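Letters go in sequence order (proteins before strands), and every chain restarts at 1. What you are looking at is a predicted structure, and each value in this text was computed from that prediction instead of being measured.
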Amino acid sequence: MSFANKLIAWYRSEGRDLPWRKTQDPYIIWLSEVILQQTRVEQGLPYFYTFVEHFPSVAEFAAANEDEVLRLWQGLGYYSRARNMHKAAKIVVQDYQGQFPCDYEDLLSLPGVGEYTAAAISSFSVGECKAVLDGNVFRVLARVFGIPTAINTGEGKKLFQALAQDLISTSDPGTYNHAIMDFGATVCKPKAPLCGDCIFRGECAALEEDTVALLPVKLKAKKSRDRYFNYFVIEDDGMILMSKRGSEDVWANMYEFPLIETKDKLELEELIHTEEYRTAFGDAVVKPLGGVTKHVLSHQNIYARFFRLPNAKDVLEKKDTWHYFLLENLDKLAKHKLVFSFIDKYL
DNA sequence: CATCCGTGGCG
DNA sequence: TCGCCAAGGAT
């Protein structure tokens, strides 16, 4: 049996039953695929249900405002996915009369839809013969065929993309794409793969050469940088001062408390004498709330501290991005994890 | 094209 | 504790 047919046969008996596999609606498939970018199924699943329920059609998605979309996305990370989805929904309504495209090239033109997602949607919805290339496919192919080329290089991507397209089932591309990803996620796993009863155990190059744990090869990423965030909790008569982040940095357009970032780790005594602090808060009383929280992002380590400013409202120099909200309305704002977990704990 | 963009789970 | 990495995309 061919490589593709083995995978498809395995998938028909062992594949997982996931909700987005029951439909051929490109809109629903798009929701699931973007949610699942760099995200485990278990983590994305509740968000998929939320988005399907909240936005049953692309027209309703497009009619929302960005803050609402980000609020629903809160906690899932990589928030540009949500902002790009919102832009894409508007494009589909305007340029495609609300008919979500199934064509690979049309899909590729949408913001937030790259080669992987365009291949997934077009193959799952109308059976277009485009091979998906994601982390699972890299791993399965690297091991079964014993390919030592680093996957995060131009050469590696080109090589694996060509091989993937060469191996795809031309009679059932959609099922094949589901199969190889599901196989990678549940059998040919990064750690502790189930080689013992693998369908390729008789022909897997990595198993034969005992290099399963070494493949795929991936060049190491640059080390993360450290940042120091000081957040200030300022209340005024049941209202709390919140700040909306800009579009350039991490957590774009998300809400948080007024922030002063310092270049180095500063003691409170040093912090209150910085120019930025003096300008914003003068000599208002400061009370620390808890200790230092280390928050790890993909390329940064953020060391955050929180302070309460009990009487800052009298001396405050308010910035444009700062607005008061009722405490009970904070729930409606899209906040990043560092801030909403603090709120859950202390407010 | 190297780097940036979150969060959570796991060995 | 720490590093890896997970159904990637944009710049």
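As judged by a 4.0 angstrom heavy-atom cut-off over every strand, A:L133 is placed among residues making no nucleic acid contact. Using a 4.0 Å heavy-atom distance criterion, A:S80 is classed as making no nucleic acid contact. Within 4.0 Å of A:D249, counting heavy atoms only, lie sugar-phosphate atoms of the nucleic acid but no base atom. Among the atoms of the strands shown, none is found under 4.0 Å from any heavy atom of A:W73.
With hydrogens and angles left out, the side-chain atoms of A:Y231 and A:E256 include a donor and acceptor closer than 3.5 Å.
Out of B:dG8, C:dA7, B:dT3, the shortest distance to the side chain of A:Q43 is found at B:dG8. Closest approach to the A:R139 side chain among C:dG9, B:dT3, C:dA6 is made by C:dA6 (side chain taken as heavy atoms from C-beta onward).
Residues A:L108 and A:V41 both approach DNA chain C. Their nearest nucleotides, taken by heavy-atom distance, put A:V41 toward the 5′ side.
Across the P atoms, B:dA2 and C:dA7 are found 23 Å apart, a figure rounded to whole Å. As rounded to the nearest Å, B:dC1 and C:dG8 have C1' atoms that lie 15 Å from one another. Separation of the P atoms belonging to C:dT11 and B:dG6 is 14 Å when rounded to the nearest angstrom.
Taking the ring axis of A:Y255 as reference, the NZ or CZ atom of A:K335 does not stay both within 45° of it and closer than 6.0 Å to the ring centre.
You won't find any donor-acceptor pair under 3.5 Å spanning the side chain of A:Y116 and the base of C:dG8, going by distance alone.
The existence of a salt bridge linking A:D249 and A:R245 is confirmed by a sub-4.0 Å separation between a basic side-chain nitrogen and an acidic carboxylate oxygen.
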